[in-house]
Structures are given as C-alpha cells and as structure tokens.
Amino acid sequence: MVKAKPKPIGEIIDYVKDFDKVLVAGCDGCVTVCEAGGLKEVQVLASSLRLYFNKEGKRKDIEETSLTRQCDREYLEPLLDKIDNYDAVVSLACGVGAQFMAELYKGKPIFPGVDTCFIGSTQERGVWVERCQACGQCIIASTGGICPIARCSKRMLNGPCGGSEKGSCEVSKDTPCGWHLIYERLKELGQLDHFEAPTDPKDWTTSRDGGPRKIVKEDVQP
Amino acid sequence: MRLDYPPNVKIIKVPCTGRVDVIHILRALEDGADGVMVAGCMEGDCHYQSGNLRARKRVTYVQHILDQIGFGAERVAMYNLSAGMGVRFAEIAREITEKVKELGPNPIRRAQEASGESTKEAVHG
C-alpha cells in the first residue's frame, strides 16, 4: 500500500492562512493504515489548526471529513455539492488522492497534508518499510521473492556490490543489503542457479523512464 | 483521608489512560482548558498491560504538536501514580495548577479577551 507521513503543521498553516473556510479531508484507504491520513489524523490536524488560528485571534471555519477513497470518482462526487462551502481543502490522502481532488473540484485550491513516501508494508505498529517501486515489470520470480529494485540502494540487477558488509548496505548499517537477502533466500529455496545467472539490462520504459503511465483493461471498460 | 487539591481541576475518569487519545487532549484545550494532566498507573503496573505507556507516548505527541503551533508543550503533562497514592495525587494536582498559573490562561482565551469576544462563543465557533 501507499505509505505517507504527516507534513509539519507549520507548512499546512502557511498553505491555509489566507482562507476563512477550510475543509480537512482524509482518506480511509492506504493512508489510514499508515496512520497519516484517516479520520483520526483529520481530527487531530483540524483541532491543531483551530488551536493555532484561535490563538492568533483569527476566526476560521475548519471542518472535517474523511472519504472512503480519494482516488476514485464515486467517492469524491458526494462532496461536489458541498465543496463550494469551503475556500480551500487540505487533503490527507496520498498524492494521487490530492491530485484527483484538484482535478475534480475545479477552481478549488487543494493542499497536501501529507508527504507521500513509497509503496510498502507494515513492519510493526508505527514502522513502515518500502517494498516496491512500481517499475512496471516485476522480476521477483528470479530473485527469491525479494525485489532488488526496492531493496538494493543502487537498484542493481546483479548484486551485491562491494558496499555490502555483513548483510548491511553501505548506505546505513540499519539497511539490510537487498542482494544479501536475495542470496540467503535463494539458498534456502535451493535456487542459487538464479543468483549465478546474470540478469540482462532492464527495460525501464515500463517504469518512469517511459513518462507517466497508464493501464487500460478493455474487458472491464464500460 | 481528606486531602485538598485545587478546585479548578476537573477530573475526567477513564478505565485506563490507554483510553486517552491525542484528540481528547487537544479538544480539552480547544474548549478552553488551561492545561491537561494525564494521571496513569505506575509504569509496569498497568492493569491492561501497557495503557499507561501508550498514554505517555500520546502525551509526548501532543506536546510535539503544541510546540509546533506555538501553544507551549508545558501545558500538558503525564504523571504516574498508583490508586493508593492519594497524597501524591493532591501534590501533583497542586504542582500542575501552579505551573499552568505561571504560564497564564489558555492562549485562545487570551486572544478572545483581546478581541472582546466571549469565551463560549469562540470556543464553539
């Protein structure tokens, strides 16, 4: 799932300081799981903004809502009738939700309330880690189910590099070497032949090198 | 045991401090409280295992928010004491009251007084 972290409140205060009626809109999807943008975070941010502006003697209406998902039209449409009650919206969805909101609510300033970070998983409560870089052509079948694009700091296809030491990456001792993990896993699976076979250069046009991407699935199109 | 503690301290009972969330403390301040004290069981003695440890982390998070918005983290504090420590409760109730008195009224109320608004109107505005 998409992982995000809350923006510093000062940054959000700066975005909305010139607007009188502000809606803080959360997303009940991915950002709720990483506790950056669900209803709870909406309430905390809205309350913090009210505390700040009331302290400054500035009267503002700061309202709260959270939508099932901000990246799907059907969940944004119910707000269309009410959106003109607000001068601006702070979106606590990932960058996709915030942008989609801006696309749909034309003429309404939309500000991001979180910094979208990566696609990842929950390591433990309060800790989220990157696991996928959405390169568009998954290769983990030959790497023991561990992605070298996401787990190797250099995104090497034939690793490890000389910076791998005792299972750690030279970037940080706290970062496991992706290729060390791949080697250990392939050994466990009895598939070290995959490790020994060189991997050809990757076609990065399926990743960001090919420009903004689009998926079309004709069988489900209306 | 008839112990005195400042009458301005309003007690809100919860089954465990683990029930206290960030938003509860923020809303107390929004509603005009000058300070908020969270009194949990002694560390290691939580009846629900770790409620008081969670509460401490949440209080720290609220303090971080209050610092970011220039409200002053010192208005919020967490204490640990057992149900048998009535004397200590009265003592910390006095302690936090004194501390908050030194800090002055809730900045929201100060802003409202400066603009001539009544507290009630602005709190729910």
Side-chain angles (χ1 to χ4, degrees), chain A residues 5-17 19-26 28 31-32 34-66 85-87 90 92 111 113-115 124-127, chain B residues 18-36 49-51 53-76 100 103-125:
Chain A
K5 60 181 182 188
K7 270 191 178 293
I9 296 173
E11 206 175 317
I12 299 170
I13 288 172
D14 216 35
Y15 293 148
V16 300
K17 64 180 189 299
F19 300 96
D20 292 331
K21 292 180 179 174
V22 177
L23 177 68
V24 180
D28 298 341
V31 288
T32 299
C34 61
E35 305 191 38
L39 183 60
K40 233 173 149 176
E41 288 72 28
V42 164
Q43 290 171 337
V44 169
L45 175 63
S47 179
S48 306
L49 291 174
R50 282 192 295 265
L51 279 172
Y52 172 79
F53 287 113
N54 285 338
K55 172 179 78 77
E56 297 297 304
K58 292 176 188 162
R59 293 293 298 272
K60 284 186 195 295
D61 285 338
I62 296 171
E63 292 190 21
E64 308 161 5
T65 190
S66 196
N85 296 337
Y86 308 101
D87 301 325
V90 176
L92 291 196
F111 300 109
V114 301
D115 287 319
E124 59 182 83
R125 178 88 197 269
V127 181
Chain B
R19 178 66 186 90
V20 181
D21 216 328
V22 171
I23 191 65
H24 299 139
I25 302 173
L26 291 176
R27 284 197 180 139
L29 294 170
E30 262 197 85
D31 283 346
D34 296 317
V36 179
Q49 296 191 347
S50 58
L53 303 178
R54 289 180 179 199
R56 180 166 290 281
K57 284 184 181 171
R58 291 172 191 157
V59 168
T60 306
Y61 187 59
V62 172
Q63 289 172 328
H64 172 65
I65 291 174
L66 295 179
D67 262 344
Q68 283 191 76
I69 60 172
F71 217 85
E74 318 84 62
R75 290 185 184 276
V76 174
V100 169
L103 294 169
N106 183 320
I108 292 180
R109 284 200 288 167
R110 270 189 288 193
Q112 285 159 359
E113 277 158 23
S115 66
E117 288 177 60
S118 84
T119 307
K120 200 172 177 190
E121 255 179 34
V123 164
H124 300 288

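Chain A is the first sequence line, chain B the second, and so forth, proteins listed ahead of strands; every chain is numbered from 1.
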| request: Could you look at B/Asn106 and say if it's the side chain, the backbone, both or neither that has a heavy atom under 4.5 Å from chain A? | output: neither
| Heavy-atom distance under 4.5 Å between the side chains of A/Ser48 and A/Leu51, does that happen here? | no
| message | Tell me every residue that passes ring-ring contact (aromatic ring centres under 6.0 Å, His included) with B/Phe71, counting only those two or more places apart in sequence or in another chain. | response | none
| request: Kindly determine whether A/Val24 and A/Leu92 satisfy side-chain contact (heavy atoms from CB on, under 4.5 Å), including the steps that lead there. | output: CA-CA 7 Å; A/Val24 180; A/Leu92 291 196; 4.2 Å; yes
| said: How close do A/Lys60 and A/Lys17 get, counting heavy atoms only, and between which atoms? | reply: NZ-O, 2.7 Å
| Listed by residue number, which members of residues 55-66 of chain B have a heavy atom under 4.5 Å from any heavy atom of chain A? | B/Ile65, B/Leu66
| query | Do A/Val114 and A/Lys5 come close enough that some side-chain heavy atom pair is under 4.5 Å? | reply | no
| message | Centroid separation under 6.0 Å, is that true for the rings of A/Phe53 and A/Phe19? | response | no
| field | Interchain contact, A/Lys58 with chain B, by part (heavy-atom threshold 4.5 Å) | value | neither
| query | Residues two or more places apart in sequence or in another chain: which of them pass side-chain hydrogen bond (donor to acceptor under 3.5 Å, both in side chains) with A/Glu63? | reply | A/Tyr86
| request: State whether the number of non-hydrogen atoms from other residues, nucleotides or ligands found under 6.0 Å of B/Arg110 atom CZ is greater than 12. | output: yes
| Single hit among B/Ile108, B/Asp34, B/Val76 for side chain to side chain contact (heavy atoms under 4.5 Å, CB included) with B/Leu29 | B/Val76
| task | Report yes if the side chains of A/Val22 and A/Asp61 come closer than 4.5 Å at any heavy-atom pair, otherwise no. | result | no
| Taking non-hydrogen atoms and a cut-off under 4.5 angstrom, which of residues 6-16 of chain A neighbour chain B? | A/Pro8, A/Ile9, A/Gly10, A/Ile13
